[in-house]
Number of protein chains: 2
Amino acid sequence: MNQIRVLLVDDHPAFRAGLSALLKPVREIVIADEASTGEQALALVGGVQPDVVLMDLAMPGMGGVAATERLVRDHPHIRVLVLSMADDDDSVFAALRAGARGYVLKGARKAELVRSIVAVHGGEAIFGPAIASRLTGYFTGLARRERGFPELTAREREILILMSSHLTNPVIAERLGLSGKTVRNHVSSIFAKLHVADRAEAITRARESGF
Amino acid sequence: MNQIRVLLVDDHPAFRAGLSALLKPVREIVIADEASTGEQALALVGGVQPDVVLMDLAMPGMGGVAATERLVRDHPHIRVLVLSMADDDDSVFAALRAGARGYVLKGARKAELVRSIVAVHGGEAIFGPAIASRLTGYFTGLARRERGFPELTAREREILILMSSHLTNPVIAERLGLSGKTVRNHVSSIFAKLHVADRAEAITRARESGF
DNA sequence: GCAAAGCCCGGGACAATGTCCCGGTTGTCC
DNA sequence: GGACAACCGGGACATTGTCCCGGGCTTTGC
């Protein structure tokens, strides 16, 4: 049976040792190598040829996010599974933007960790319970805002749509056969209903709501 | 050992039968019940008390997305794992917005399916290989646009950040100890570099780029 | 040392944006 | 008929954004 070759990246030697001991008895996994910084990880991957990189985020020098970004860019077949203490939106979404295939908090039980490594190796994406909540919150949060979208009149919806393609008031007026002043007034009442102060926010809200 | 109680929701009886036969020998899983429509699933969950609902999307009447949305709203402790043939962005992100904890394509191998059910039951989020690509594509797509982000001066970045929280020019000026006129000029040059015409577009671009 | 380039700071003049008033017209519902 | 809302627009005013201008500052290179 082909074992999954894992590269450990973490600046804390004790943690690497613990992780290594934890994963050693697992049949389907083998620790191919360890790195203590992002730079070192990037230097190693070419020779080590890991299937999965277990990446910490908080490291001196090049952080895990930057390392992940370069790693997935230069070695698209290698999957990155983030294993971090950081349980906040910024860290999670930065890792996702960088191309990580999974995100598990340090402190996860062994079974969860092994399952995550196997899943990521198989091309799946997997996120620990706390992270999963953030992820679904991200998407259902969008849906929730959509539900809360206030009711606009036909004219207002029409104008908001044109506004969302970044047309100016005079252009909108010309296209709808209205006076520029009328458009400005409609725009103003749209802002009031959306509880926003200017075009910028209005368009942001409209986009978020899949308008 | 506590088995995971699974409710199967699919309008195709043969598929339910196959799935049931596939999962029956699995120790940690028990099929608690089956439903052939979204409505039926919603009616059943109260009595069946499943841990995980295996949800098809394309069903007559109430689709899987609507059923998922109501299910997670009324029973937050129940996890929904979508098992669908649909491999397109609209289906995937609609399911995520509805609150699904996972998404696996029909045709997944048994091991992957079992792993997904176990992971979802544990509160994790998991996505099959094809879906994982869409998910990372969603986030790294944002990142990719960021790479094309033009270079701004230190002052310009600073002002763009404040602008992105919807502050007005006078407020920004006051906060940075500048004249309102200077801020306007900086803002103007930011627009030029971003190739946009107004605040609205500039903020949109900045947000897309994870600025 | 000195010039060129780039950033930063601001003013002037002007057009577009947005706000808070106002009045008038057209429907619709009771 | 009367109440109500959507729609259209004007007046006056502050804010925003554009295209000029010039002066002070540091960095780079000859």
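What you are looking at is a predicted structure, and each value in this text was computed from that prediction instead of being measured. Chain letters run A, B, ... following the sequence lines, proteins first, then strands; residues in each count from 1.
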Kindly give the atom pairs (protein nitrogen or oxygen, nucleotide nitrogen or oxygen) under 3.5 Å for nucleotides 23-25 of chain D.
none

Original post:
Between the two end axes of the helix from C/dG1-D/dC30 to C/dC30-D/dG1, each built from 5 base pairs, what angle do you get to the nearest 10°?
Top reply: 30°
Original post:
Is there a donor-acceptor contact under 3.5 Å from the side chain of A/Glu124 to the main chain of A/His121?
Top reply: no
Sequence neighbours excluded and cut-off under 3.5 Å, please list the side-chain donor-acceptor pairs for residues 182-192 of chain B, or say none.
unit_1: B/Thr182; atom_1: OG1; unit_2: B/Ser179; atom_2: OG; d: 3.3
unit_1: B/Ser189; atom_1: OG; unit_2: B/Glu156; atom_2: OE2; d: 2.8
unit_1: B/Ser189; atom_1: OG; unit_2: B/His186; atom_2: O; d: 3.0

**OP:** Mind checking A/Arg184 for me? I need base, sugar-phosphate or nothing, with any heavy atom below 4.0 Å counting as a touch.
**Re:** base
Original post:
To the nearest Å, how far apart are A/Ile159 CD1 and D/dG9 C1'?
Top reply: 13 Å
Original post:
What heavy-atom pair brings B/Leu105 and B/Ala130 nearest, and what distance separates the two atoms?
Top reply: CD1-CB, 3.7 Å
**OP:** Identify the two heavy atoms, one from A/Leu44 and one from A/Ala35, that lie closest to each other, and give their separation to 0.1 Å.
**Re:** CD1-CB, 3.9 Å
Original post:
Side chain of A/Arg79, backbone of A/Ala119: donor and acceptor closer than 3.5 Å?
Top reply: no
Original post:
Would A/Leu162 and A/Val171 satisfy side-chain contact (heavy atoms from CB on, under 4.5 Å), going step by step from the backbone distance to the final call?
Top reply: CA-CA 9 Å; A/Leu162 295 176; A/Val171 172; over 6 Å; no
**OP:** Residues of residues 172-182 of chain B with any non-hydrogen atom less than 4.0 angstrom from an atom of DNA chain C: list those, numerically ordered, please.
**Re:** B/Leu178, B/Ser179, B/Lys181, B/Thr182
Identify every side-chain donor-acceptor pair in residues 51-59 of chain B under 3.5 Å, counting partners at least two apart or on other chains, and give the distances.
unit_1: B/Asp51; atom_1: OD2; unit_2: B/Arg5; atom_2: N; d: 2.8
unit_1: B/Asp56; atom_1: OD1; unit_2: B/Lys106; atom_2: NZ; d: 3.4

**OP:** Anything under 4.0 Å to a heavy atom of chain A counts; send over the first and last such nucleotide of DNA chain C, read 5' to 3'.
**Re:** C/dT17 to C/dC20
Original post:
At their closest point, which heavy atom of B/Met163 faces which heavy atom of B/Ala202, and how far apart are they?
Top reply: CE-CB, 4.3 Å
Subject >> Heavy-atom closest pair, residues B/Arg101 and A/Ser133 >> reply: NH2-OG, 3.4 Å
Original post:
Do any N or O atoms from the side chain of A/Arg16 and from the backbone of A/Asp10 form a donor-acceptor pair under 3.5 angstrom?
Top reply: yes
Original post:
Charged N to carboxylate O below 4.0 Å: is that the case for B/Glu112 and B/Arg115?
Top reply: no
Original post:
Which atom names give the shortest non-hydrogen contact between A/Ala132 and B/Gly123, and what distance separates them?
Top reply: CB-O, 3.3 Å
Subject >> Euclidean distance, atom CD of residue A/Glu156 to atom C1' of D/dC7 [Å, nearest integer] >> reply: 10 Å
Original post:
Could you give the CG-to-P distance, from A/Asn185 to D/dA6, as a whole number of Å?
Top reply: 15 Å
**OP:** Determine the minimum heavy-atom distance between B/Asp33 and B/Leu7, stating which atoms define it.
**Re:** O-CD1, 3.2 Å
